[in-house]
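Worksheet: the structure to be examined is printed underneath.
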Amino acid sequence: MPAAGEAPRASPAFAPARVEVEKLPDDSFILRSPMKLEPHASNICIYLGQWAAREPARTFLAERDSHKRWRKLSYGEALERVRAIAQGLLERGLTADRPVMILSDNGIENGLLQLGAMYAGIPVAPISPAYSLSSKDFGKLRHVFDLVRPGLVFAADGAPFAAAFAALSLGDVETVVARNAPDGFNGTAFSELAATPPTAVLDAAMARIGPDTVAKILFTSGSTGLPKGVINTHRMMCSNQQAIAHIWPFVTERPPVLVDWLPWNHTFGGNHIFNMILRNGGTLYIDAGKPAPGLVEESVANLGDIAPTLYFNVPRGFDIILPFLEQDSGLRDHFFSNLDTIFYAAAALPQNLWQRLEALSLAARGERIAMTSAWGATETAPLAAGVHFPIDRAGVIGIPVPGCELKMMPNGGKLEMRVRGTNVTPGYYKRDDLTR
């Protein structure tokens, strides 16, 4: 077997890697892609309707049920339930000023509620479950709740979130759970919300949604202070997915199949991944595992069932799952059997993990898998720069994607990177001071 550096490299259908450079008199320079951003959908829910019409029986979302069997939701079923939820939200008087707030982790009901809100033109704010489940004083949860002032708060499994519900001044805010309602719960069952018959009022609401309609309020991590609510418009999300389709045309040629745990309250999982599935008619197997001892085994079992076409993770995720792939050749071969690329983001990938992944792909396929990465932010929905060319090491974040410009500005002996494009947020939710 040749050394990894000498072995052939698999290459999916990447777009040509080109960049234009505009030098400015102040020693700054602007980088942009020569590829023009083609027209795209005006709102993200249009893609759901398109795939429900074209491939109604194709699985859109799947997750394990209580018996560990895959529970699947097709595109046709999803559209029907999303429309019912959207109608129910409109009948409850939810608006842009009374959004939907989601407390729980990824799941089919979570995805349906997010799409239902956006289908009705109502913003949705998915919140880190840690604010409800790991906090002692619920400080960040209360901060987010007071800022958003939602009209409805949802948790899929009500029991673990009982204390969080009790910590909020809910007043006339409706609470909804899908199962295990807490003792004394006087809210609504998700099944009731999802059984509302759609009317012409819903179609009119959908028709009013434009590219600048607020779709989501995604919160920053709060690592440098209280979390900031980043306004995400339909234009931001749809233009981002169009840019991905330009640089990675293979996602449009073969509907992606993913096994993924990355949280939807974060822009990586909630926009880059979820919207990529939606835009390209793919299938997302929701992974309830996490990159932690005692939880990664769930991810391993899921990857043993489903061979993904793309695999996304953070460096910690690769670190903890690699030993399973190295110790089980059957799992290794199955994992690599259908892959177009492996993608890491959110932090720098140590080079030793890169080399171990390449060695595994070489053993499984006789070639090195295409490794990719990118750079972006919650404020850019998220992709601003992406890799769509062969790279031999970690630490490469790519070049500007279509529709996005990067300005490199000298600052203290380094270069400060500034972003401009259709993917950039109009500002922070109810914080004009931070937007300025």
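We're numbering straight along the sequence, starting at 1.
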Please report the shortest heavy-atom distance between [X] and [Y], naming the atom on each side.
X	Y	result
Gly158	Val177	CA-CG1, 3.7 Å
Pro99	Ile122	CA-CG2, 4.0 Å
Arg316	Pro293	NH2-CD, 4.2 Å
Ser299	Lys290	OG-N, 3.9 Å
Ile244	Leu383	CG1-CD2, 3.5 Å
Ala117	Val124	CB-CB, 4.1 Å

For atom [atom1] of [X], is the number of surrounding heavy atoms from other residues, nucleotides or ligands below 6.0 Å larger than 12?
X	atom1	result
Glu298	CD	yes
Arg420	CZ	no
Asn186	CG	no

Ignoring hydrogens and angles, state whether a donor on the side chain of [X] or [Y] is under 3.5 Å from an acceptor on the partner side chain.
X	Y	result
Tyr428	Glu379	yes
Thr188	Glu174	yes
Asp305	Trp70	yes

Going through the distances and angles, do Val419 and Cys404 end up as a side chain to side chain contact (heavy atoms under 4.5 Å, CB included)?
CA-CA 7 Å; Val419 188; Cys404 183; 3.5 Å; yes
Only pairs at least two apart or in different chains count here, so list each salt bridge (charged side-chain N to carboxylate O under 4.0 Å, His left out) that has a residue in residues 222-251.
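Only Asp212-Arg235 qualify under salt bridge (charged side-chain N to carboxylate O under 4.0 Å, His left out).
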Determine which pairs satisfy salt bridge (charged side-chain N to carboxylate O under 4.0 Å, His left out) with at least one residue from residues 325-349, sequence neighbours left out, and list them in order.
Arg254-Asp340, Glu326-Arg356
After noting the C-alpha distance and the side-chain angles of Phe335 and Tyr311, does the key distance pass the ring pair (Phe, Tyr, Trp, His ring centres under 6.0 Å) rule?
CA-CA 9 Å; Phe335 173 75; Tyr311 189 66; 5.1 Å; yes
Is any side-chain heavy atom of [X] less than 4.5 Å from a side-chain heavy atom of [Y]?
X	Y	answer
Trp248	Glu253	no
Pro315	Pro350	yes
Leu89	Tyr119	no
Ile277	Trp51	no
Ser104	Pro129	no
Thr425	Met236	yes
Thr213	Asn43	no
Met101	Val173	no

Close aromatic pair by centroid cut-off 6.0 Å: Phe268 and Phe343
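Centroid distance Phe268-Phe343: below 6.0 Å, so yes.
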Aromatic centroids of Tyr131 and Phe219 separated by under 6.0 Å
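So the answer is no for these two rings.
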Expected output: side-chain [X] to main-chain [Y] donor-acceptor under 3.5 Å:
X	Y	answer
Asn280	Met276	yes
His246	Glu38	yes
Thr380	Asn423	no
Ser361	Glu367	yes
Gln114	Gly111	no
Thr372	Val387	no
Asn106	Leu262	yes
Arg58	Gly281	yes
Arg365	Phe336	yes
Ser373	Tyr344	yes

Evaluation steps, side chain to side chain contact (heavy atoms under 4.5 Å, CB included), between Arg279 and His40:
CA-CA 10 Å; Arg279 193 262 185 210; His40 50 75; over 6 Å; no
Give me the one residue out of Ile342, Asp260, Leu339, Asn338 that meets side-chain contact (heavy atoms from CB on, under 4.5 Å) with Pro308.
Leu339
Could you check Leu360 against Leu322 for side chain to side chain contact (heavy atoms under 4.5 Å, CB included), going step by step and ending with a plain yes or no?
CA-CA 9 Å; Leu360 284 166; Leu322 269 168; 3.2 Å; yes
Would you call the rings of Phe154 and Phe190 parallel, tilted or perpendicular, taking 30° and 60° as the class edges?
tilted
What class does the angle between the rings of Phe250 and Phe14 fall in, given that below 30° is parallel, 30 to 60° is tilted and above 60° is perpendicular?
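Taking Phe14 first and then Phe250, their aromatic rings stand perpendicular (interplane angle over 60°).
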Measuring from atom [atom1] of [X] to atom [atom2] of [Y], what distance do you get when rounded to the nearest 0.5 angstrom?
X	Y	atom1	atom2	result
Ile273	Leu278	CD1	CG	14.0 Å
Gln242	Ile247	CD	CD1	11.5 Å
Phe60	Leu73	CZ	CG	7.5 Å
His234	Cys45	NE2	SG	6.0 Å
Lys140	Ile127	NZ	CD1	12.0 Å
Asn313	Phe318	CG	CZ	5.0 Å

Testing Asn271, Asn232, Thr267 for side chain to side chain donor-acceptor pair (under 3.5 Å) with Lys216, which one passes?
Asn271
Are [X] and [Y] ion-paired here, with the side-chain N under 4.0 Å from a carboxylate O?
X	Y	result
Arg418	Glu416	yes
Lys68	Asp65	no
Asp203	Arg83	yes

Between side-chain atoms of residues 161-169 and protein atoms elsewhere (two or more places apart, or another chain), which donor-acceptor pairs fall under 3.5 Å?
none

Test side chain to side chain contact (heavy atoms under 4.5 Å, CB included) on Ile399 and His388 and set out the steps.
CA-CA 8 Å; Ile399 55 180; His388 52 102; 3.7 Å; yes
Mind running salt bridge (Lys or Arg N to Asp or Glu O under 4.0 Å) on Arg71 and Glu77 for me, showing each step along the way?
CA-CA 13 Å; Arg71 170 191 169 211; Glu77 293 167 334; over 6 Å; no
